[in-house]
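Okay, structure first, notes after.
FYI, the numbering just counts along the sequence from 1.
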Amino acid sequence: MKKIAPCAIGILSSLSCPAASIAQERQLSLPAQVVLGSEAQENDTRLPLARSTLSADELETSNLGANLSESLQRVPGLVAVNRQNYAQDLQISSRGFGARAAFGVRGVRLVQDGIPLTMPDGQGQPALFDLDSMQRIEVLRGPLTTLYGNASGGIIQGFTGEGSFYPTLESRSAFGPDGLRRSRLRYGGQHGDLNINANVARLDTDGYRDHSKTQRDTANLRLGWDIDDASSLTLLINSLDQPETQDPLGLTAQQVREDRRQAFSRAYEYDTRKTVRHNQAGLNYTRRLSNDDQITAMVYGGERYVQQYLAFEGDDNAETGEPGSGGVIQLDRRFGGGELGWQRNTELFGLPVELAAGVTYDYQGEERTGFVNNEGRKGAQKRDEFNAVDSQDVYLISTWQLDPRWTLTAGARHSRVEFDSEDDYLIDGQDDSGSVRYSQTNPALGLSYQWTPAVSLYAALGQGFETPTFQELAYQPQGTGLNFGLTPSESRNAEVGLKLRHEQTQIDLALFHSRVKDEIVTGPNQLDTGRNTFVNAGQSTRRGAELSLEQGFDYGITAYLAYTLLDARFDDYIDSDGNDLSGKNLPGVPRHSLFAELSWQPPGTGFITALEAQSLSQRYATDDNTAEAASGYAVFNWRAAYTHAVGNWEVEPFARIDNLGDREYIGSLIVNGAGARYYEPAPDRQWLVGVGLQYQWR
């Protein structure tokens, strides 16, 4: 394939380019957010933030290949759990940001191939990642991530791989307990200047818990066109269809003890379930104008339909007369946007410098309707409104080569986010229309020092913010209409770190501190209404350390360890009942988390096996820390795979056993959940077997 740039570029992942020596000029490459097909950065010791890269092998090795949580558990600073509930998606938090999310992902930006999977209001859907064609995933933490706008407490970005040079057809099927089956078919190949990578997949499961049956179909297409030696164009199309996914709801502590696989009774009474249809397309264009200039342009758009049956009726309250908003939510969304970026290598004040500047625009418009839930059937309409949010951003980032060892990265981003709601349901006698606008300028600064060719030190400071999502604005603690009294949270972030890359040893150590003002937390009336409302807390602090260590040994043995220490608590928080919660731990955030792996891959055999360990300390379920906490746990997993090639064919059988000790534990928490139903149990011992088959035309 022809290359369009000497260095890789992606969201902050491209701040450094491989260099022969630390004295070489312009070793760093600034982040042009939308460039597709960025090369992996082998030498990232001068990157002034914490960065973890997961390769295609780590994403797919003996896994189901359907959930981002399967591989993200390897990343320090992140907590990523499979809720065993496909109606509510995964739970992902970064250094405590996003831990409150009861559905979707907040506080962490999701991006694939430069195209945002996080909407302009800050809510992301990890199920949209195309894991079947992923070349790598990069997870970024630290103050510099705040340069990427709303809800960027961390960034998870995926890069789709190019199709093989030779046309290749591959199938892969995996089977497990509770009717679990996932099959995919993938094709890739180079046809002249056009590269094709396409796949379709289906997931079926009856679910570990009762009332959690799921079917999910996905389809993805990547077309890459090398226009000439200086420019390229890439088209990406993604589709997800997930009909009538059952929702077992959370359980109380007593219900978990009685039967951890049961669904809450209201799940049957109201037939709680969710249907999702999502389609989107994006186009990336990159051109090198000269040896010193490069432009990137990206446009994307799509549609998303959601229908969700909740665990209550949602009709008017006969006693108080308060109008209901419906127990069936229907969302019909259109979204789109784009970005134009510019990058240049030049000199200022006699110093080599790279400059990157750009503008972005993102929009989502959503028809939101609500209906009475008549025991699983749609009843009378109770809500009808059109909600829109758009964001406009402008950014400027510079990286200065101060001398052969010192590098300074400085930048700022100005974001403007506007929410607007038009109430078309006037039968209740009131108009709940309204709008609110948020704006913020976020600066960030990072300094790195190349101590030796193998070791670097860095420090960084940054300011960030996170607006409420439309789901969090949807209901007021009292009354109807959107909760426009909810304000964005603001953060001040600091980090120092060390990176070592030497032969078979790789070490990353980061110490971080974040102070958050107006933390968005679950509001006071959730237990009465059965739905989520949100308010602002006072101040909170997150401080801790992240360590990752990878060591290679002879005979194909590799050891890996990722550990996080995180102290996250409210500094100043008086709840709506007047209780002083200052000093309480942030719910859903473990103080200790660990992942360890010992793998063996005998050279030249095609065989690999590994033993994994995963552990989380206790997590609190509520802001006041009084509910029964989810106990800490440690579980062990085993996996093995064998790859064998015969002519143009390649076959790969694989097997996996999770929770070898058959440990009973709580996998995920619904923070401040209604009716004290905070707990979502993890499965007991589980198995997975499968086989991949590939044919390549040569």
Just by distance, do the side chain of [X] and the backbone of [Y] share a donor-acceptor pair under 3.5 Å?
{"X": "His592", "Y": "Ser615", "result": "no"}
{"X": "Thr146", "Y": "Gln463", "result": "yes"}
{"X": "Gln246", "Y": "Lys213", "result": "yes"}
{"X": "Thr469", "Y": "Glu472", "result": "yes"}
{"X": "Asp662", "Y": "Asn659", "result": "no"}
{"X": "Arg141", "Y": "Val139", "result": "yes"}
{"X": "Thr252", "Y": "Gln255", "result": "yes"}
{"X": "Asn373", "Y": "Leu310", "result": "yes"}
{"X": "Glu495", "Y": "Ala510", "result": "no"}
{"X": "Asp121", "Y": "Gln123", "result": "yes"}

[Y] side chain reached by [X] side chain, heavy atoms, under 4.5 Å:
{"X": "Ile156", "Y": "Ile137", "result": "yes"}
{"X": "Asp518", "Y": "Pro488", "result": "no"}
{"X": "Val306", "Y": "Ile329", "result": "no"}
{"X": "Arg591", "Y": "Leu565", "result": "yes"}
{"X": "Tyr665", "Y": "Ser631", "result": "no"}
{"X": "Leu180", "Y": "Leu64", "result": "yes"}
{"X": "Thr564", "Y": "Val79", "result": "no"}
{"X": "Asp247", "Y": "Arg273", "result": "no"}

Determine whether the side chains of [X] and [Y] contain a donor N or O and an acceptor N or O closer than 3.5 Å.
{"X": "Asn536", "Y": "Thr487", "value": "yes"}
{"X": "Asp580", "Y": "Ser582", "value": "yes"}
{"X": "Asn387", "Y": "Glu385", "value": "yes"}
{"X": "Gln686", "Y": "Asp684", "value": "yes"}

Please walk me through it: do Asp624 and Asn579 pass side chain to side chain contact (heavy atoms under 4.5 Å, CB included)?
CA-CA 9 Å; Asp624 58 15; Asn579 300 314; 6.0 Å; no
Inspect the contact between [Y] and [X] and indicate whether a charged nitrogen and a carboxylate oxygen are less than 4.0 angstrom apart.
{"X": "Asp575", "Y": "Lys584", "answer": "no"}
{"X": "Arg515", "Y": "Asp571", "answer": "yes"}
{"X": "Asp210", "Y": "Arg261", "answer": "no"}
{"X": "Asp316", "Y": "Lys382", "answer": "yes"}

Worked verdict on Leu140 versus Tyr148 for side chain to side chain contact (heavy atoms under 4.5 Å, CB included):
CA-CA 11 Å; Leu140 312 175; Tyr148 291 89; over 6 Å; no
Give the intermediate values and the outcome of side chain to side chain contact (heavy atoms under 4.5 Å, CB included) for residues Leu611 and Leu660.
CA-CA 10 Å; Leu611 184 66; Leu660 285 166; 3.9 Å; yes
Report yes or no: is the cationic atom of [X] (NZ for Lys, CZ for Arg) under 6.0 Å from the centre of the six-membered ring of [Y], at an angle within 45° of the ring normal?
{"X": "Arg663", "Y": "Tyr633", "value": "no"}
{"X": "Arg216", "Y": "Tyr86", "value": "no"}
{"X": "Arg74", "Y": "Phe595", "value": "no"}

Side chain to side chain contact (heavy atoms under 4.5 Å, CB included) between Leu586 and Phe570: does it pass, once the steps are laid out?
CA-CA 6 Å; Leu586 264 64; Phe570 295 112; 4.2 Å; yes
How far apart are the closest heavy atoms of Ser668 and Arg619, and which atoms are they?
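Nearest heavy atoms, Ser668 then Arg619: CA-NH1, 4.0 Å.
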For Glu612, check salt bridge (Lys or Arg N to Asp or Glu O under 4.0 Å) against everything at least two apart and list the hits.
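In terms of salt bridge (Lys or Arg N to Asp or Glu O under 4.0 Å), with neighbours along the sequence ignored, Glu612 is linked to Arg639, Arg656.
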If I take atom CZ from residue Phe97 and atom CZ from residue Arg109, how far apart are they, to the nearest 0.5 angstrom?
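One finds 14.5 Å between CZ of Phe97 and CZ of Arg109.
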Please name the residue in the list Arg209, Glu680, Glu258 that meets the side chain to side chain contact (heavy atoms under 4.5 Å, CB included) test with Leu251.
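That would be Arg209.
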